[in-house]
Amino acid sequence: MGYALSVFNTCIHDHNVFNYNVIIAGLIDHKLATQAFQYFLEMRLIEFIMPDHFTFPCVIKACLDVVEVKKIHGLLFKFGLELDLYVGSALVNCYLKFGFVEDAEEVFDGMSVRDVVLWNAMINGFSQIGQFDKVLEVFGRMKDQGVVPSRFTITGILPVVGMKEGIDNGRALHGFVLKMGYDSCVAVSNSLIDLYGKCKCVDDAIGIFETMHEKDIFSWNSVICVHEQRGDHYGTLKFFRRMVFAGMQPDLVTVTTTLPACAHLAALRIGSKIHGYIITTGLGKCKDGKGHDLHIDNAIMYMYAKCGSLGVARLVFDKMSYKDTASWNIMITGYGMQGLGNEVLNTLSSMCEAQMKPNDATFVGILSACSHGGLLTQGRMFLDQMHQIYGIVPTIEHYSCVIDMLGRAGQLEEAYKILTTMPVEDNPVIWRAFLAACRLHGNADLAEVAANMIFKLEPLHCGSYVLISNVYGAEGRYEDVSEIRHTMREHNVKKIPGCSWIELKNGVHVFVTGDRTHAEDYHIYAALHHLTSRLRDYKYIA
DNA sequence: GTAGGGTTAG
């Protein structure tokens, strides 16, 4: 661009509209909008050269706010260019970008001819500002007018169809894509991956991905997101690994999708490697060079907190230049998970001192901390305060924490009273928390009440059967145990054994209770016996 | 010889 400018400024002595257009377009391509505007002024006011239908689309694209757009829009009438299609598309695009729907529609309606690009400007513009119903409406009108959708229409419409309309319309559009040969376009295939992912057709999404000849960063990110949104965290990491081995550089989107997967799998080693990658590549840096992207820091904190490395999470937290409610919630929830009740309460006061308002998620963290830390008085107090002082109406999630808290502490009667009188609708989750408490404290009567509720609400959940059967087992009611087993077989419910795993060097080792499948099982159990006998020496009772 | 649309995350 520097050479282009010096040629323009020193070698060309009689500038014309063409040279100016090239310079202005070039400056805008290099994101030098302010300079572009200077040249635009200079051409008109100093050199008296008239801008033309090539100049305006560029200049409109460079506008940073709607005031500038309106000024340019006014100029267009002076030059008689208000009906030019290129100019109109740029205007529609720009007005919608700033949320000025009426102005965009006025330009659109005023055009005497409408080509596919102009329609796309409307479709993609509404999509960008989240007005998805408008997207579908405009798309319908476009088809009624007999305008053939282009690749750009498809990439604009598919995410919205996936979100709002479902797979039947999505498949119809996929058919159209194949008929038109648009599937050779990477962006179109990328939106197909997204469409199938959003409609929960994971195999179709992966199928598209695997058959693509050329994959860009969007393709990889999309297929990774499909896995993460479905809760398949292993799948997320599998495709992340493939992406790295394929030589594709992860970007901001990749890491913000992959870090939560590490968090859920407690994959601290991979998570901290990604953190290192973010630091060395400067991915998390804000555009101004100072500070970090807020969401990236939250994702990093969340990963460390979930992996149990609260100290590191805290380091990241303390260094953040700007924190939002989610940042505070992550710290509070992290302390809560480790039963550090006092840290939770301290963090909550610091949060309020920092003028941050706690939200519903904050109180889920606080109440679950009270549950795990045995802080009954505080827990009850917060349930009242969250409504009275902070104006947040408790939901089923909050009541679940309270039931869990009272249940663990053995206050089953009070838990039952709240459970049956609370002003929100119950669900199987809260009853299961209660059932677990009944099992813990050996109350078979209330356990049966809870179990019957759960079997009505969610008859196919295996964990509930195991809980109630354990209650009966503890009471020696083996006939009831076998009846539960029978019911499970009848409903074809199978309990998948819970497993534990540890990450060692470059491998993950998974094991279940009484597992003897490991090659070194003899030594493992010998070490275990040694540990338990040492614990007995210290008078430890499990 | 110059110009106007697109896809992924939180």
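Protein chains get the first letters and strands the later ones, always in sequence-line order, with residue 1 at the start of each. Since we're looking at a predicted model, the values are computed, not measured.
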Check: NA contact type, I154(A), heavy-atom cut-off 4.0 Å: base, sugar-phosphate, or nothing?
Finding: nothing
To the nearest angstrom, the NE2-C1' distance between H295(A) and dG10(B) comes to 5 Å
I24(A) CD1 to dG4(B) P, in whole Å, measures 13 Å
Give N298(A) one of three labels, base, sugar-phosphate or nothing, depending on what nucleic acid heavy atoms sit under 4.0 Å from its own.
nothing
- Task: On the 0 to 90° scale, with breaks at 30° and 60°, tag the Y95(A)-H73(A) ring pair as parallel, tilted or perpendicular.
- Result: tilted
Out of dG6(B), dG4(B), dT2(B), minimum distance to the side chain of F54(A) belongs to dT2(B)
Self-check item: Distance below 4.0 Å between Q128(A) side-chain N/O and dG6(B) OP1 or OP2
Solution: yes
D251(A) CG to dG10(B) C1', in whole Å, measures 13 Å
Quick note, Y86(A) side chain, CB onward, closest among dT8(B), dG4(B), dT7(B) is dG4(B)
Rounded to whole Å, CZ of F18(A) lies from C1' of dG1(B) at a distance of 4 Å
If only side-chain N and O atoms of N93(A) are considered, is one of them under 4.0 Å from the OP1 or OP2 phosphate oxygen of dG5(B)? yes
Among dG10(B), dG1(B), dG4(B), the one nearest any side-chain atom of D115(A) is dG4(B)
task: Flag as yes if F218(A) stacks onto the base of dT7(B) (centroids under 5.5 Å, planes under 30°), otherwise no.
output: yes
task = Please work out if E228(A) contacts a base, only the sugar-phosphate, or nothing of the nucleic acid, heavy-atom cut-off 4.0 Å.
result = nothing
Picking from dA9(B), dG6(B), dG4(B), the nucleotide nearest the side-chain atoms of P57(A) would be dG4(B)
>> I want to check one thing: is the phosphate of dG4(B), taken as OP1 and OP2, less than 4.0 Å away from some side-chain N or O of K61(A)?
In response: yes
For this session: Decide yes or no, distance alone: a donor-acceptor N/O pair under 3.5 angstrom between the base of dG5(B) and the side-chain of N124(A).
Result: no
I want to check a possible cation-pi pair here: R44(A) against F48(A), using under 6.0 Å from ring centre and within 45° of the ring axis as the test.
no
- Message: Applying a 4.0 Å non-hydrogen cut-off, can you work out what V92(A) is touching in the nucleic acid: base, sugar-phosphate, or nothing?
- Response: nothing
- Give D293(A) one of three labels, base, sugar-phosphate or nothing, depending on what nucleic acid heavy atoms sit under 4.0 Å from its own. base
Return the orientation label for the Y20(A) and F8(A) ring planes: parallel under 30°, perpendicular over 60°, tilted otherwise.
-> perpendicular
Taking dT2(B), dG5(B), dA3(B) as options, the one with an atom nearest any side-chain atom of D84(A) is dA3(B)
Out of dG5(B), dG10(B), dG6(B), minimum distance to the side chain of Q229(A) belongs to dG10(B)
Per the O4'-C1'-N9-C4 / O4'-C1'-N1-C2 angle with a 90° window around 0, dG5(B) comes out syn
Separation of dA9(B) atom C1' from I217(A) atom CD1, nearest Å, is 12 Å
- request: Assess K357(A) against Y390(A): is NZ or CZ under 6.0 Å from the centre of the six-membered ring, and within 45 degrees of the ring's axis?
  value: no
Side chains of S127(A) and N124(A) only: does a donor on one sit below 3.5 Å from an acceptor on the other?
no
Practice prompt. Verify whether the ring centers belonging to H53(A) and Y86(A) lie closer than 6.0 Å.
Written response: no
For N190(A) and N221(A), which I'm curious about, is there any donor-acceptor pair between the side chains at under 3.5 Å? no
Applying a 4.0 Å non-hydrogen cut-off, can you work out what P159(A) is touching in the nucleic acid: base, sugar-phosphate, or nothing? sugar-phosphate
Inset, instruction - Ignoring hydrogens and angles, answer whether the base of dG10(B) and the side-chain atoms of T256(A) contain a donor-acceptor pair closer than 3.5 Å. - result: no
Q. Using the rule for Phe, Tyr, His and the six-membered ring of Trp, do F152(A) and dG5(B) stack at under 5.5 Å and under 30°?
A. yes
Here the distance between atom P of dG6(B) and atom CG of L192(A), to the nearest Å, is 18 Å
Checking dG5(B), dT2(B), dG4(B) against the side chain of S89(A) (C-beta onward), the nearest is dG4(B)
Whole-Å distance, M301(A) CE to dG10(B) P, equals 18 Å
Atom NZ of K198(A) and atom P of dT7(B) are separated, to the nearest Å, by 11 Å
